[in-house]
Structure formats: structure tokens, C-alpha cells
Amino acid sequence: MDLRQLAEEYGASAERLLQGLERIRAQKAAARGDLALELERREEVMRLELADLRSLSRYLREYYA
């Protein structure tokens, strides 16, 4: 696997994570109490991971540019 393929894998993972994040946000809109707090924590972790995946994907795509 070369760096371009790896960049594509990171990009695909970012898209899957974004879909999960959208589900969390939808659940959070109706959640209350402890569940709302747990969803908030999960959303924060997923948001940070999404930023990392997108950054790595971009870096790898542009490595040879």
C-alpha cells in the first residue's frame, strides 16, 4: 500500500466516522441527564478523531506534491 492509498483509507474512515458523529448528534438532541452527558463526551472524542483523520489524509495526499 502506498501513501496515496493510505490517504484514501484515512479519508474513507473519516467519512464513516462523520456518519457516526451525525447519529450521535441526532441522539443527543433528544437525550437528557446522564445519557446526554455520555453522548456529549462521545461526540467530543469523535470530533477530535475526525479532525485527526482528515489532517492525516490531507498530509498523505500532499506528501509527494
Side-chain angles (χ1 to χ4, degrees):
M1 178 178 290
D2 66 15
L3 292 181
R4 287 183 189 96
Q5 291 170 320
L6 190 56
E8 289 176 20
E9 288 292 322
Y10 278 120
S13 293
E15 288 304 314
R16 287 190 303 273
L17 186 62
L18 181 59
Q19 292 171 359
L21 189 54
E22 289 170 355
R23 285 191 302 271
I24 294 291
R25 289 176 177 158
Q27 291 174 352
K28 193 176 80 169
R32 300 288 179 262
D34 289 341
L35 178 58
L37 292 174
E38 176 62 27
L39 290 171
E40 183 72 32
R41 284 189 289 266
R42 288 177 62 192
E43 179 185 24
E44 178 64 17
V45 169
M46 291 173 77
R47 191 183 59 75
L48 293 171
E49 187 174 346
L50 180 60
D52 286 344
L53 285 170
R54 286 177 171 168
S55 176
L56 283 168
S57 179
R58 188 179 325 107
Y59 175 78
L60 291 172
R61 273 195 319 273
E62 296 172 357
Y63 186 79
Y64 289 116

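Given the structure is predicted, the values throughout are model-derived calculations rather than measurements.
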Subject >> Separation of Y59 OH from D52 CG (nearest 0.5 Å) >> reply: 14.5 Å
**OP:** Could you tell me whether R41 and E44 have a side-chain N and a carboxylate O separated by less than 4.0 Å?
**Re:** no
Original post:
With hydrophobic residues grouped by side-chain heavy-atom distances under 4.5 Å, do L35 and L21 end up in a single group?
Top reply: yes
**OP:** Look up atom CZ in R54 and atom OG in S13, then write down how far apart they are to the nearest 0.5 Å.
**Re:** 12.5 Å
**OP:** For D34, look at atom CG and say whether over 12 heavy atoms of other residues, nucleotides or ligands are found less than 6.0 Å away.
**Re:** no
**OP:** Over all heavy atoms of both residues, which pair between G20 and M46 is shortest? Give the atoms and the distance, please.
**Re:** C-CE, 3.5 Å
**OP:** Calculate, to the nearest 0.5 Å, the distance between atoms CG and OH belonging to D2 and Y63 respectively.
**Re:** 12.5 Å
**OP:** Find out whether L50 and R16 are in side-chain contact, i.e. whether some heavy atom of one side chain is under 4.5 Å from a heavy atom of the other.
**Re:** no
Original post:
Taking the side chain as C-beta and beyond, is there a heavy-atom pair between R25 and E43 under 4.5 Å?
Top reply: yes
**OP:** Could you tell me which non-hydrogen atom of R61 sits nearest to which non-hydrogen atom of A7, and how far apart they are?
**Re:** CG-CB, 3.6 Å
Original post:
Any side-chain heavy atom of M1 within less than 4.5 Å of one from E9?
Top reply: yes
Original post:
S57 and G11: which non-hydrogen atoms are nearest, and at how many Å?
Top reply: OG-N, 3.7 Å
Subject >> Within-4.5 Å side-chain heavy-atom neighbours: R4 and L60 >> reply: no
**OP:** Treating Ile, Leu, Val, Met, Phe, Trp and Tyr as nodes and any side-chain heavy-atom pair under 4.5 angstrom as an edge, say whether L17 and V45 lie in one connected cluster.
**Re:** no
Original post:
Atom CG of L18 and atom CZ of R23: how far apart are they, to the nearest 0.5 Å?
Top reply: 10.0 Å
Original post:
What's the spacing between R32 CZ and L37 CG if we round to 0.5 Å?
Top reply: 11.5 Å
Original post:
If every non-hydrogen atom of I24 is compared with every non-hydrogen atom of L39, which pair is closest and at what distance?
Top reply: CG2-O, 3.6 Å
